[in-house]
Amino acid sequence: MTVEDDSELLLEWVDKGIALQREEKHKEAIVCFDKAISIDKNMGGEPDSNLLLLKDNSLMKLGRDE
């Protein structure tokens, strides 16, 4: 895969994760964000802090719902 392909795939996972968050499907959103974080790590070594924040938001929401 090229960097362009990876960037496009990363954005697709982020978009899907955000859509799932809006639907209150936080477990599924976390899976999407984990995949995006993994791609981001492979591209640059450190995941973007915004991706970590999105994942943390879903984790916190799950913690409140339980």
Side-chain angles (χ1 to χ4, degrees):
M1 279 192 152
T2 66
V3 171
E4 188 175 307
D5 290 340
D6 286 344
S7 294
E8 190 173 313
L9 187 58
L10 184 144
L11 290 174
E12 287 175 18
W13 282 116
V14 171
D15 289 344
K16 185 174 181 179
I18 290 170
L20 288 165
Q21 275 185 332
R22 288 183 183 136
E23 296 173 11
E24 301 291 321
K25 296 179 179 177
H26 294 284
K27 287 181 182 178
E28 294 90 339
I30 291 167
V31 171
C32 293
F33 295 136
D34 279 339
K35 290 181 182 188
I37 289 166
S38 176
I39 293 168
D40 201 31
K41 281 182 183 177
N42 288 338
M43 290 174 52
E46 291 295 322
D48 186 281
S49 60
N50 292 319
L51 289 175
L52 299 174
L53 183 61
L54 286 166
K55 179 180 175 182
D56 286 345
N57 287 342
S58 278
L59 287 168
M60 287 190 321
K61 183 67 177 173
L62 279 178
R64 280 187 242 142
D65 290 343
E66 294 180 340

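Keep in mind that the numbers below use all heavy atoms, side chains included, and drop hydrogens, waters and symmetry copies. Just so you know, these numbers come straight off a predicted model, no measurement behind them.
- The CE atom of M43 lies 10.0 Å from the CG atom of L9; values are rounded to the nearest 0.5 Å.
- A heavy-atom distance below 4.5 Å is not found between the side chains of S49 and L53.
- Cluster membership for V14 and I37, using ILVMFWY side-chain heavy atoms within less than 4.5 angstrom, is shared.
- Distance check: L52 CG to N57 CG gives 11.0 Å after rounding to the nearest 0.5 Å.
- Tracing side-chain contacts under 4.5 Å through hydrophobic residues (I, L, V, M, F, W, Y), one never reaches V31 starting from L62; they form parts of separate clusters.
- One finds the CG atom of D6 at 11.0 Å from the CG atom of L11 (value rounded to the nearest 0.5 Å).
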message = I'd like to know whether I18 forms a side chain to side chain contact (heavy atoms under 4.5 Å, CB included) with F33, so could you lay out the CA-CA distance, the side-chain angles of the two residues, the decisive distance to 0.1 Å, and finally the verdict.
response = CA-CA 9 Å; I18 290 170; F33 295 136; 4.2 Å; yes

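- Considering all non-hydrogen atoms of both residues, A29 and S58 come closest at CB-OG, 3.8 Å.
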message = What verdict does the side chain to side chain contact (heavy atoms under 4.5 Å, CB included) test give for D40 and L51, after you've listed the backbone C-alpha separation in whole Å, the side-chain angles of each residue and the deciding distance to 0.1 Å?
response = CA-CA 9 Å; D40 201 31; L51 289 175; 3.7 Å; yes

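- Q21 places a side-chain heavy atom less than 4.5 Å from the side chain of H26.
- For E12, the CD atom counts as densely surrounded, since its 6.0 Å shell holds more than 12 non-hydrogen atoms of other residues, nucleotides or ligands.
- Transitive grouping of hydrophobic side chains (ILVMFWY, heavy atoms separated by less than 4.5 Å) keeps L59 and L20 in distinct clusters.
- More than 12 heavy atoms of other residues, nucleotides or ligands lie within 6.0 Å of CD in E23, so this atom counts as buried by the packing criterion.
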